[in-house]
Structure formats: C-alpha cells, structure tokens
Amino acid sequence: MKKFLNGFTATLVCLILHQTIAMASSHREAPLISNDPLADNTDLYAFRSPTDPSKIMLIANYIPFEHPAGGPNWYTFGENIRYEIHVDNNAATPGDDIIYRFTFTVMNEDPTTFFNIRLNKENLKATYKLERSMDGGNSFATIVSAGKVPPPNIGPRSIESGVGLGAASYDALMTDAIATASTGERVFAGPVDDPFFVDLGGAFDVGNFRKEPQARDGLARFNCHSLVIEVPIATLQKDHKNEMQAANILDGDYVIGVWANASRRETTTLNSNGGPMGVSGGWIQVSRLGMPLTNEVIIPIGVKDNWNQRSPLGGLEGQFAGYLTNPELALYMDDSKFGGAVPGLSDLRIQTNSLGAYDFRNGAPGLFPLKGSPALAGTALDDALFGGILLPDDHSPRAVDLLPIFHFGVPNLAPYQLATGKNGNPLAAGKPFINNFMPTNGDMLRLNMAVPPTPRNDPKFSSLGLVQAAVLGLTDPAYNGDASLQFIPNMDGFPNGRRLEDDVTTIELQAVGGVVLAALGLWYDDFDGTNPVSPQLVSTISFNAGVTHNDTAFKTDFPFVQGPWRGFTGPGYVGPKSCDDPTFLNNNMIVLDASCAGNDGNISIIPTNGTAPFMYSIDGGATYVSGPASGYTFIDLAPGTYQLKLKEVTGCESEVVERMVGSSCNRGSITSAGRLSNNQTADGLQQEFVSTYPNPSRGQFKVQLQNFRSTKAEIFVFDSKGTMVEKRVVNPTSLSSVNFNFKGRPAGLYSIKIVSTTGTKTTKVLIQ
C-alpha cells in the first residue's frame with residue numbers, strides 16, 4: 001500500500017507539474033513556459049534563400065537565454081519532445097499539408113567525469129531523427145535517421161584541443177553536422193547565436209523604448225538551439241511547381257503558411273530512485289509560434305497560455321481576433337487615451353482623421369462608414385469578397401490592416417496596394433507590392449515563394465522589410481512612375497515571411513502606428529492635401545525600437561544562423577583577452593588632454609577599437625552615452641581639475657576607469673552622441689534650429705541652420721544601414737544653408753546628424 005501511495009503521489013505531483021508547464025511560447029513571454037525551456041519556441045523564420053533562389057529556408061528556434069558559459073549542464077534539445085515545423089500550402093484542404101518532425105536522443109558517453117567534453121567523449125551527445133509528412137500528419141516517413149547535433153561551444157580545450165574533441169574549429173563541427181535528407185532537403189540542428197534582437201529592458205518597462213546606443217539588446221551574447229531546413233520550392237508549392245513556373249512574382253499559388261510547435265506526452269512520472277522519468281499518454285502541444293511577437297505584445301497575459309496551446313488551424317483563432325482589431329499597443333499611440341504616458345512611442349500616432357473622415361483609434365469606426373458603398377465594389381472590402389471579415393462592425397478599426405497581416409495574409413487586391421497610381425483615391429487599384437493571402441484564419445508566417453530574394457549586399461536591402469519596399473514604391477523614381485507590377489527590393493521581407501535580418505519589433509510597432517494604412521493612401525492627420533510625406537509620416541517611418549540589428553553577423557550561406565557564442569571568453573565574449581584584465585578598457589580608450597587657448601581647451605576620448613560605445617561622466621555628474629560613429633561634440637567647463645569616469649556600454653560593461661584631467665581650461669571634445677555643458681541640457685536644441693528641404697529630396701536638398709552661435713558645425717549623413725556617406729564641416733554663423741547633391745545615390749531613408757561646438761546635436765530624417 002505504501003509503495004502504491006508513493007507511486008500515486010509521484011504521479012500526482014508530475015501531473016500538477018505538467019499542468020504548470022503545458023502551455024506557453026517564445027522567449028519565456030507566456031507565464032508557464034519558463035518552467036520548460038527545452039520545449040519553448042523562441043523564433044520562427046521563413047524566407048527565400050539569397051544564395052539559391054530555388055530553395056526556401058525554414059528556421060525554428062528553441063530554448064531561450066542560453067548563457068554560453070552555462071555549465072556544467074549546458075542545454076541541448078530535449079528527449080520525449082516532438083519539435084515540428086508545419087506548412088500549409090492550400091487553403092482548400094483543412095489543416096497542415098506538410099510537417100517536419102524532429103525527435104532527439106541524448107546519451108552520456110562518459111559518466112565518470114563532471115566535464116561536458118573530455119577525451120573525445122560528450123556527456124550530452126544528441127542525435128536526431130527527422131520525419132516528414134506530406135499528407136497533413138496522417139503518415140510520416142523518416143528522411144534523416146541519425147542526424148548529428150554539435151556540442152555546446154564551451155571553449156578551446158573542449159573543442160579544438162586533444163583533451164577535448166580535437167576539432168579543427170567549431171565551424172568545422174557545424175559543417176560536419178549538416179545532413180542531406182533522403183528527400184533532398186539540407187538540415188542542421190544545433191546551438192547557434194540567438195538571431196533575435198530587441199531592447200527587452202526598454203520594451204517591457206512600460207514601453208520605455210530607447211534609441212541606440214542607449215538601447216540594450218536583451219538577447220545579445222545569448223545562444224539558442226536551431227532547427228534549419230532548406231527545402232526546394234517545388235516541395236512546398238501545392239502543385240509541386242518550381243520557382244520558374246510562377247505566373248508572376250506575386251503568384252497567389254505560391255503562398256505558404258508556416259508555424260512551429262513543441263509537444264510533450266500527456267503524463268510524466270518521476271522515479272523515486274533517481275532513474276529516468278516515465279512518460280505516457282497522448283501528445284499535448286506545449287508551445288507554438290507563427291508571427292513574431294504575437295504572444296509577447298498582442299495577446300494579454302491572462303490568455304497567453306490558452307493561445308499557446310491552440311493550433312492556428314484548429315478553428316479557434318477567432319477568439320483572439322479582438323486583440324488585433326483593437327490592440328492594446330494602440331492605446332499608447334493615442335493622445336486621447338494613454339499616449340502621453342508612454343513617451344517611448346511618442347513618434348507613433350495613429351490616424352484619427354485621415355483624409356478628413358476616417359478614425360482608426362481603438363473603438364472607432366475606421367473604414368466602416370463605407371460599408372455597403374458602391375466605392376467598395378470589387379475591392380477586398382466588398383461584402384461579396386472579404387468585407388465581412390475586414391469591416392465586421394463600427395468598433396473594430398484595425399480589422400482592415402492588422403487582422404489580415406497576422407491572421408490571413410494580405411491579398412493583391414484594392415485597396416491593399418501602394419498609393420502610387422491611385423490618384424488620391426485610397427480605394428483604387430495602385431502599385432502591387434504584396435500578396436501573401438491565404439484565407440485560413442490562423443497566426444502563421446505567410447510567405448509568397450514567388451517573390452525574388454533581395455541580395456544581402458544590395459544597397460537597397462533594408463531590415464525594415466515591406467515597410468522599406470513601400471517607401472521605395474512611393475518615393476523612388478525607379479518604382480513610383482506608374483502602378484505596374486515590378487520587383488521592389490525588400491518585397492521578400494517581413495511580414496512577407498521573415499528574414500533573419502528583419503527588424504520585426506520596429507516593423508510591427510510602425511504597423512500598429514498606422515504605417516500600412518498610410519502606404520495605401522490613408523495618410524496621417526497632418527496631410528496638407530498636396531504632399532503626403534508629412535511630418536507624422538516621416539516620424540513614423542523613421543521610428544525604430546532601439547536595437548535594429550543582431551549582435552553579430554549572419555553566415556552568408558546555409559545554415560545562415562551564426563555559430564554559438566563561446567563560454568570560455570566570459571560575459572564580454574571578446575576573445576583571448578578577459579574582461580577581468582584591468583587594462584582592457586584602458587587599451588580601448590585614449591584620453592587626450594590637449595593644449596588650450598584663452599579659456600578653451602579640449603579633452604578627446606578616442607575608442608581605439610572603433611566600434612564599442614561607452615558611457616562617461618565628469619565629477620560624478622550625469623552620465624552620457626557616447627560612440628565612435630556619432631561624430632564630435634564639445635563640452636564647456638570652468639578652469640580646474642575634473643574626474644572623468646568611463647564605462648563600456650557593450651562588452652566589459654562592469655569595467656570603470658577613473659582619470660583625473662586637469663588644465664587651466666577644459667572644454668572636452670568627445671567622440672560622442674551625448675555632451676555635457678554648463679548651460680545646456682544634454683539633448684536639447686535650445687534656440688538653435690535645423691531643417692531639411694525638400695523632403696523627399698528628389699536628388700538635391702538643403703540643410704537650413706538658424707540661430708547657431710558656434711563657428712563650427714559638423715553635418716553627418718548616414719544611409720539606412722548606418723553607414724556614413726557624407727560629412728561637411730561648416731560655419732553656421734557665416735551661412736544659412738548647406739546644399740547637398742544626392743543624384744545617383746540609392747533611394748531610401750537617410751539620417752542627417754548635425755553637431756555644433758555649443759553642444760547642440762540633432763537628427764533629421766530625409767527620404768531620397
């Protein structure tokens with residue numbers, strides 16, 4: 001009886017534990033998944049390969065926040081878990097059409113050691129079986145029977161030396177782990193750099209979004225585990241057509257929906273003698289992911305676990321539609337609600353009176369006043385087509401844009417075309433730029449596989465995906481001359497699938513802020529009737545969520561994700577030099593106390609590594625963030641001796657260096673985006689004023705400088721990738737404007753930074 005009770009108690013405890021871990025997804029955003037990281041989807045990507053356009057890349061990541069030095073028990077894929085990538089390629093057939101299923105086996109090759117790797121043996125050696133179903137899960141065939149999983153990237157003795165695996169390099173281990181399935185797919189499964197980038201600290205501090213370099217990538221230098229499959233388009237296309245057979249680059253027959261999940265057995269039983277856990281019962285989905293950030297910032301906490309346990313194709317997605325048609329985030333972009341309480345989103349303000357008639361704030365009618373109008377005939381908003389979904393009532397304004405983006409895809413039908421060619425009528429047909437429509441109500445990445453990939457070295461490649469494609473289609477003379485269908489760079493970007501480089505946080509915030517409505521011709525409230533590129537539109541498209549790129553480069557070929565960060569190098573991951581070395585920061589910062597004339601001098605802080613931003617303060621005062629890509633600013637101090645503190649923002653962030661800087665005068669010239677002055681705030685323009693015109697530039701523009709007191713100002717122009725393309729040094733007191741000729745430069749967004757010797761700095765956004 002006692003034995004029975006002990007077993008019953010263990011089973012009961014495990015059932016309770018299972019209920020605790022049964023539902024959640026993506027970087028721990030749902031309450032329960034934090035107890036089960038091995039089964040936690042973190043991200044999903046689907047894009048056309050830039051190196052082989054006949055292939056589609058499917059990448060599903062799991063296990064969030066893997067610290068590279070997280071021994072002695074590093075993470076690997078879990079046993080008794082089904083990891084799956086699902087593809088829906090035909091709305092006419094219920095459920096999924098293609099499923100890739102990974103299951104893993106983990107063994108300990110040397111139970112006598114506490115090291116993870118020793119003498120060519122691993123104590124977490126993982127292998128996998130990959131199965132594929134082409135009939136929606138009714139039957140599966142094994143296509144990789146014993147795939148290799150590379151070990152964690154612990155350090156040089158574990159990986160490269162004879163005491164460990166004796167590998168040529170960690171990259172060699174990754175290459176060796178690439179498998180070719182019996183059906184032709186290339187496959188990789190293993191630890192990688194977490195490719196997602198976001199300022200988690202700012203975002204979840206009630207929308208306290210910060211700009212670079214103040215913003216911090218909360219996932220920088222963390223790893224995750226990735227499943228990567230390179231699949232021929234002919235395998236995924238519903239009629240098995242290849243890419244050359246597409247009717248055009250927006251052929252609707254080439255649209256697929258992609259989602260990923262993880263499942264566990266229904267019951268887990270603990271063993272009282274320390275043996276392996278027992279599992280039994282059916283498979284229960286414990287995590288899922290389709291569109292990025294859905295469960296983070298769209299679904300509220302109270303229903304995150306419920307959302308996570310549902311299949312996107314199970315017919316229950318409609319219960320979540322209200323979180324898209326009236327999204328919480330929109331309340332913080334609305335001054336009549338809580339916009340004033342979230343200054344980090346102050347650049348984003350939803351249309352309240354677009355074209356003098358249409359209000360898209362939460363609870364407002366949006367385009368519903370047009371319901372039944374002859375103007376909607378033949379458009380996607382026609383009740384004979386999709387008007388019942390897109391214009392459901394007079395209080396669901398975002399059903400017209402956010403709902404299709406997340407749940408159905410966007411059709412190549414009026415009004416879902418660019419304002420180019422519409423002649424002022426947003427309901428008219430315009431320039432096509434997207435068609436990833438698949439009328440199955442479900443949160444999935446939707447990708448049109450017929451859209452060509454944008455080369456990653458293309459000067460017009462942008463992490464802003466379809467938002468940048470829209471900007472080019474509206475402003476670039478190469479694309480805005482007429483409403484014909486043509487390939488615009490970045491039409492293959494999010495939310496048409498998702499590339500590794502895509503800044504999905506910025507894009508989704510811009511979308512909630514109404515940028516898609518504006519692209520269709522439903523301009524912002526400050527549209528003056530002539531120039532749709534109003535200050536509010538410029539403000540929206542120039543907004544970013546602070547962290548705009550990954551913390552390391554991606555690979556240029558399969559598997560494209562970068563190898564994992566190495567544990568041995570510590571929290572800075574800077575190679576053989578440890579952050580504990582007190583000379584590290586000193587060797588990366590040079591402080592020059594220069595001579596002075598009259599009451600002026602300068603202190604120059606020069607980062608010799610060329611990239612790392614740093615923080616500085618003087619005499620324990622306010623701290624300012626500085627960086628080598630930002631040009632020079634100046635600080636005015638009274639004569640005397642000052643204590644200068646330097647602290648690296650990235651890398652060895654705990655390192656602080658104090659220097660005594662003394663001279664009869666001290667005006668500091670600091671490589672910086674910040675400044676310190678005895679009579680000005682750190683970022684205010686005060687009475688000095690900068691403007692740029694015309695905007696868009698059409699190849700030539702002026703930078704107007706007014707009320708400048710300084711005799712020197714530096715003007716820096718950066719392209720959308722952050723590369724400085726032009727620099728001017730001018731005397732604002734002797735001229736009022738500076739002319740720039742950008743004819744021949746790529747179209748797109750440029751930022752103009754002006755820094756003066758009085759400490760003034762400002763940035764303007766220009767559309768070329």
Visitor: How far does CG of D347 sit from CG of L509, to the nearest 0.5 angstrom?
Guide: 11.5 Å
Visitor: I'd like to know if the side chain of R48 reaches the main chain of A450, judged simply by a donor and an acceptor atom lying under 3.5 Å from each other, with no hydrogens or angles considered.
Guide: yes
Visitor: Heavy-atom distance under 4.5 Å between the side chains of I507 and L466, does that happen here?
Guide: no
Visitor: Does the ring of F461 carry R456 above it, NZ/CZ under 6.0 angstrom from centre and within 45° of its axis?
Guide: no
Visitor: Has the side chain of D205 got a donor or acceptor atom that lies under 3.5 Å from a matching backbone atom of N208?
Guide: no
Visitor: For Q700 and N739, run side-chain hydrogen bond (donor to acceptor under 3.5 Å, both in side chains): C-alpha distance rounded to whole Å, both residues' side-chain angles, the deciding distance at 0.1 Å, then the answer.
Guide: CA-CA 7 Å; Q700 292 181 319; N739 296 321; over 6 Å; no
Visitor: Should the pair D359-R361 be classified as a salt bridge under the 4.0 Å nitrogen-to-oxygen rule?
Guide: yes
Visitor: Mind telling me whether F740 and F742 have parallel, tilted or perpendicular rings, with 30° and 60° as the class edges?
Guide: perpendicular
Visitor: Judged by modelled atom types alone, do T506 and Q510 share a side-chain donor-acceptor pair under 3.5 Å?
Guide: no
Visitor: Looking only at heavy atoms, which two atoms of G514 and Y524 are closest? And how far apart?
Guide: C-OH, 3.2 Å
Visitor: For the pair L447 and N496, evaluate side chain to side chain contact (heavy atoms under 4.5 Å, CB included) and give the outcome as yes or no after the intermediate values.
Guide: CA-CA 5 Å; L447 170 67; N496 180 32; 4.0 Å; yes
Visitor: How far does CZ of F494 sit from CG of L500, to the nearest 0.5 angstrom?
Guide: 13.5 Å
Visitor: Provide the closest heavy-atom pair for P50 versus F47 in the form atom of the first, atom of the second, distance.
Guide: CD-CE1, 4.1 Å
Visitor: Taking A553's backbone N and O only, do any of them form a donor-acceptor pair with Q562's side chain (distance below 3.5 Å, no angle check)?
Guide: yes
Visitor: Dump the intermediate steps for side chain to side chain contact (heavy atoms under 4.5 Å, CB included) on I541 and Q468, then the final yes or no.
Guide: CA-CA 9 Å; I541 61 179; Q468 179 67 1; over 6 Å; no
Visitor: With respect to L402, which candidate in V512, L517, V516, L329 satisfies the side-chain contact (heavy atoms from CB on, under 4.5 Å) definition?
Guide: V512
Visitor: Report the distance from atom CZ of F560 to atom OG of S49, rounding to the nearest 0.5 Å.
Guide: 4.0 Å
Visitor: Given 3.5 Å as the limit, does a donor-acceptor pair link the side chain of K431 with the main chain of D482, or not?
Guide: yes
Visitor: Can you confirm whether more than 12 heavy atoms, excluding those of N423, are under 6.0 Å from its CG atom?
Guide: no
Visitor: Work out which heavy atom in V547 is nearest to a heavy atom in A215; give both atom names and the distance.
Guide: CG2-CB, 3.9 Å
Visitor: For side chain to side chain contact (heavy atoms under 4.5 Å, CB included), just list the numbers for F360 and N353, CA-CA rounded to whole Å, side-chain angles, deciding distance to a tenth of an Å, and then say yes or no.
Guide: CA-CA 8 Å; F360 294 96; N353 191 31; over 6 Å; no
Visitor: Flag the pair F197 / D551 as yes when at least one side-chain heavy-atom distance between them is below 4.5 Å, and no otherwise.
Guide: no
Visitor: Checking E726 side chain against F716 main chain: does a donor-acceptor pair fall under 3.5 Å?
Guide: no
Visitor: Are any of the side-chain heavy atoms of F433 and N490 separated by less than 4.5 Å?
Guide: no
Visitor: Could you check L520 against Q417 for side chain to side chain contact (heavy atoms under 4.5 Å, CB included), going step by step and ending with a plain yes or no?
Guide: CA-CA 6 Å; L520 306 182; Q417 292 152 341; 5.7 Å; no
Visitor: Under a 3.5 Å distance rule, please check whether D43 uses its side chain to pair with a backbone N or O of P195 as donor and acceptor.
Guide: no
Visitor: Can you name the nearest heavy-atom pair linking L427 to A375, along with the distance?
Guide: CD1-CB, 3.9 Å
Visitor: Looking at S539 and P535, would you say the former's side chain and the latter's main chain have a donor-acceptor pair under 3.5 Å?
Guide: no
Visitor: Taking atom NZ of K702 as the centre, does the number of heavy atoms from other residues, nucleotides or ligands within less than 6.0 Å exceed 12?
Guide: no
Visitor: Quick check: does any side chain N or O of N362 sit under 3.5 Å from a backbone N or O of P327, one acting as donor and the other as acceptor?
Guide: yes
Visitor: Can you find a heavy atom in the side chain of P292 that is under 4.5 Å from one in the side chain of Y45?
Guide: no
Visitor: Would S336 and D334 count as a side-chain hydrogen bond (donor to acceptor under 3.5 Å, both in side chains) here? Give the steps.
Guide: CA-CA 5 Å; S336 69; D334 176 0; 2.6 Å; yes
Visitor: Atom CZ of F554 and atom NE2 of H549: how far apart are they, to the nearest 0.5 Å?
Guide: 11.0 Å
Visitor: What distance separates R446 CZ from N435 CG, expressed to the nearest 0.5 Å?
Guide: 12.0 Å
Visitor: Would you call D335 and R349 a salt bridge, using N to O less than 4.0 angstrom?
Guide: yes
Visitor: For residues 338-346, which side-chain N or O atoms pair as donor and acceptor with protein atoms under 3.5 Å away, sequence neighbours left out?
Guide:
{"residue": "S346", "atom": "OG", "partner": "P343", "partner atom": "O", "Å": "3.0"}

Visitor: Any heavy-atom pair between the side chains of L485 and I249 that's under 4.5 Å?
Guide: yes
Visitor: Got a salt bridge between E328 and K337, using NZ or NE/NH1/NH2 to carboxylate O under 4.0 Å?
Guide: no
Visitor: What closest approach, in Å, do P432 and A483 show between heavy atoms, and which atom pair accounts for it?
Guide: CD-O, 3.3 Å
Visitor: Is there a donor-acceptor pair under 3.5 Å between the side chain of D492 and the backbone N or O of T454?
Guide: yes
Visitor: Answer whether the closest heavy-atom distance between the side chains of L370 and Y358 falls below 4.5 Å.
Guide: yes
Visitor: So, for T420 and N480, which heavy atoms are closest and what is the spacing to 0.1 Å?
Guide: CG2-O, 3.6 Å
Visitor: Using only atom types and a distance under 3.5 Å, with no angle test, would you say the side chain of K422 pairs donor to acceptor with the backbone of G430?
Guide: no
Visitor: Find the distance between OG (S354) and CG (D526) and round it off to the nearest 0.5 Å.
Guide: 10.5 Å
Visitor: State, with a plain yes or no, whether a side-chain heavy atom of L367 is found less than 4.5 Å away from one of L522.
Guide: yes
Visitor: Do R210 and R216 make a side-chain contact, defined as non-hydrogen atoms from C-beta onward lying under 4.5 Å apart?
Guide: yes
